[in-house]
Amino acid sequence: MKVVVIVATFGRKEQVTRLLAQLERQTLLPDDVILSAPDAGHIPSNTVCRFPVSCVFGKTGLPAQRNIALDVAGDRFDIITFFDDDFVPADDYLEGVSKAFTQQPDWAVVTGHVLKDGATTAGLSWDEGIQALREAGPATEARGVDQISAYGCNMSIRAACIDGLRFDERLVLYGWQEDVDFTSQLRARGRVVCLPLIRGVHLGIKSGRVNGIRFGYSQVANPIYLVRKGTVPSTFALRLMGKNLLANLARSLWPEPYVDRRGRLRGNLLALSHVARGRVEPEYILKI
């Protein structure tokens with residue numbers, strides 16, 4: 001099976017360089033890597049790899065950048081793997097993905113087991129991520145577990161199942177929950193599975209993220225928008241919003257140094273006021 005890796009990036013040359021070096025270690029090299037960025041200033045120059053590297057420019061925002069890369073990929077590949085630029089895949093990650101799709105013809109989406117997730121902490125360095133992979137030992141669970149959706153930092157899709165589906169570009173900038181929206185729709189075309197044998201570490205590097213108010217607005221507006229769109233159940237959206245709102249409220253007095261809790265809370269409350277007036281507009285964060 002031919003595998004392409006798509007990486008949408010913004011302002012993270014160093015992370016892209018480290019990720020490409022990590023992909024050089026794969027036991028199954030990708031047939032192509034597509035880097036999608038607003039312009040060439042976000043991409044490392046003079047990169048030489050053992051696999052082709054393509055670059056596409058012209059759009060800003062995670063869903064839009066992924067879409068332009070999908071358009072470039074076309075129908076040339078059997079598997080499309082999306083990595084965040086701060087995801088560290090285990091050396092056998094792509095080989096595991098290829099085997100999974102070959103052996104399980106009814107699987108549409110595969111997401112790997114995230115050993116550590118720096119998105120929930122102050123973040124991890126590349127060295128810490130690689131060390132976590134070394135210390136993990138062999139996976140003990142080989143069975144795939146069905147999911148509502150995949151985790152966007154590492155998700156692989158059988159290309160034939162995409163069939164024109166694209167990420168929702170109304171989920172602008174960071175695209176909060178764009179992975180849930182996209183992959184939950186693929187359950188109508190096959191199983192969405194988390195496979196523990198496929199592993200990696202999400203560093204959760206904080207550079208390049210949207211500001212607190214914008215992110216807080218998205219934490220409320222995006223789930224409500226997806227409920228109205230019909231791609232996520234209301235129970236999922238309410239639980240997600242409630243958890244984030246309570247966390248921002250509780251920690252706003254003593255916030256973590258790496259999270260703008262007060263900004264997120266302000267964004268939460270602004271979005272709630274808009275929703276109360278019947279206004280559900282994810283792209284409003286462009287006006288903040």
Side-chain angles (χ1 to χ4, degrees), residues 1 3-8 19 30 34 36 62-67 69-70 73 77-90 92-120 139 141-169 171 174-204 218 222-223 226-227 229-233 235-237 239-240:
M1 284 190 159
V3 182
V4 61
V5 173
I6 290 176
V7 181
L19 175 56
I34 301 177
S36 181
L62 185 57
Q65 287 174 224
R66 283 177 169 168
N67 283 343
L70 279 174
F77 305 96
D78 303 296
I79 300 169
I80 296 177
T81 294
F82 292 96
F83 284 151
D84 279 3
D85 53 21
D86 59 351
F87 183 76
V88 188
D92 59 352
Y93 189 104
L94 294 180
E95 182 180 359
V97 165
S98 181
K99 287 180 178 178
F101 280 117
T102 299
Q103 295 170 1
Q104 305 291 342
D106 62 332
W107 288 11
V109 181
V110 172
T111 189
H113 173 56
V114 178
L115 295 168
K116 286 190 175 182
D117 193 354
T120 62
E141 178 57 67
R143 293 175 300 174
V145 180
D146 287 282
Q147 307 287 307
I148 291 176
S149 59
Y151 189 8
C153 70
N154 80 111
M155 55 186 184
S156 299
I157 302 165
R158 192 184 299 274
C161 292
I162 294 177
D163 192 27
L165 183 66
R166 291 295 184 267
F167 290 89
D168 191 333
E169 295 189 21
L171 306 176
Y174 185 52
W176 178 247
Q177 300 302 302
E178 94 297 332
D179 48 356
V180 175
D181 173 56
F182 186 80
T183 57
S184 65
Q185 295 180 73
L186 288 166
R187 285 189 291 122
R189 307 174 186 183
R191 292 172 62 189
V192 176
V193 176
C194 178
L195 188 59
L197 289 175
I198 300 170
R199 300 184 293 176
V201 175
H202 184 211
L203 303 181
S218 296
N222 289 16
L226 296 180
V227 168
K229 182 179 175 181
T231 56
V232 303
T235 51
F236 172 87
R239 184 169 60 251
L240 179 65

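Owing to the predicted nature of the structure, the values given are computational and were not obtained by experimental measurement.
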Practice item. Compare all side-chain heavy atoms of Gln147 with those of Thr183 and state whether any distance is below 4.5 angstrom. Key: no
Point to revise | Distance-minimising heavy-atom pair for Glu178 and Leu171 | key: CA-CD1, 3.7 Å
Review point. Does Gln104 reach the side chain of Val110, with side-chain heavy atoms less than 4.5 Å apart?
Key: no
Review point. Who are the side-chain contact (heavy atoms from CB on, under 4.5 Å) partners of Lys99, not counting sequence neighbours?
Key: Glu95, Gln103
Check your understanding: Got a donor-acceptor contact below 3.5 angstrom from the Thr111 side chain to the Ala150 backbone?
Key -> no
**Study point:** Any donor-acceptor N/O pair, Arg158 side chain to Trp107 backbone, under 3.5 Å
**Key:** yes
Check your understanding: Considering only heavy atoms from C-beta outward, does the side chain of Ile148 approach that of Arg187 to under 4.5 Å?
Key -> yes
Review point. Is there side-chain contact between Ile162 and Leu70, with at least one heavy-atom pair below 4.5 Å?
Key: yes
Review point. Just by distance, do the side chain of Asn154 and the backbone of Gly112 share a donor-acceptor pair under 3.5 Å?
Key: yes
Review point. Excluding sequence neighbours, so at least two apart, what forms ring-ring contact (aromatic ring centres under 6.0 Å, His included) with Phe182?
Key: Phe167
Check your understanding: Yes or no on side chain to side chain contact (heavy atoms under 4.5 Å, CB included) for Val3 and Val97, after CA distance, side-chain angles and deciding distance?
Key -> CA-CA 9 Å; Val3 182; Val97 165; 5.7 Å; no
Check your understanding: Quick one: CD1 on Ile157 to CD1 on Ile79, what's the gap to the nearest 0.5 Å?
Key -> 11.0 Å
Review point. Tell me, do Cys153 and Val114 make a side-chain contact under 4.5 Å, heavy atoms counted?
Key: yes
Point to revise | Donor-acceptor contact below 3.5 Å, side chain Asp86 vs main chain Gly204 | key: yes
Check your understanding: Does a salt bridge link Arg166 with Asp181, judged by any charged N lying under 4.0 Å from a carboxylate O?
Key -> no
Practice item. Check whether any side-chain heavy atom of Phe87 lies under 4.5 Å from a side-chain heavy atom of Tyr93, and answer yes or no. Key: yes
**Study point:** Derivation and outcome, side chain to side chain contact (heavy atoms under 4.5 Å, CB included), residues Thr231 and Val180
**Key:** CA-CA 8 Å; Thr231 56; Val180 175; over 6 Å; no
Study note, to complete from the structure: The reported gap from OG in Ser149 to CD in Gln185 (rounded to nearest 0.5 angstrom) is 11.0 Å
Practice item. Kindly compute the distance separating CG (Asp117) from NE2 (His202), expressed to the nearest 0.5 Å. Key: 6.0 Å
Practice item. Mind checking the CD1-CD spacing from Ile6 to Gln65? Nearest 0.5 Å is all I need. Key: 11.5 Å
Review point. With no hydrogens and no angle check, is any side-chain donor or acceptor of Ser184 less than 3.5 Å from a backbone partner on Val232?
Key: no
Review point. Knowing that exactly one of Phe101, Phe82, Phe83 qualifies, which makes a side chain to side chain contact (heavy atoms under 4.5 Å, CB included) with Ser156?
Key: Phe101
**Study point:** Pro223 and Phe236, any side-chain heavy atoms less than 4.5 Å apart
**Key:** no
**Study point:** Nearest-0.5 Å distance that lies between atom CH2 in Trp176 and atom CG in Leu226
**Key:** 11.5 Å
Practice item. May I have the step-by-step check of side chain to side chain contact (heavy atoms under 4.5 Å, CB included) for Met155 and Asp179, ending in yes or no? Key: CA-CA 9 Å; Met155 55 186 184; Asp179 48 356; 4.1 Å; yes
Revision key, fill the gap. Interatomic distance, CD1@Ile34 vs CZ@Phe77, rounded to 0.5 Å, equals 5.5 Å
Review point. Is the backbone N or O of Cys161 less than 3.5 Å from a side-chain atom of Arg189, with the two atoms forming a donor-acceptor pair by type?
Key: yes
Check your understanding: Between Leu240 and Gln177, which heavy-atom pair has the shortest distance, and what is it?
Key -> CD2-CD, 3.5 Å
Exercise for review: Would you please name every residue forming a side-chain contact (heavy atoms from CB on, under 4.5 Å) with Ala64, sequence neighbours left out?
Suggested key: Lys59, Glu169
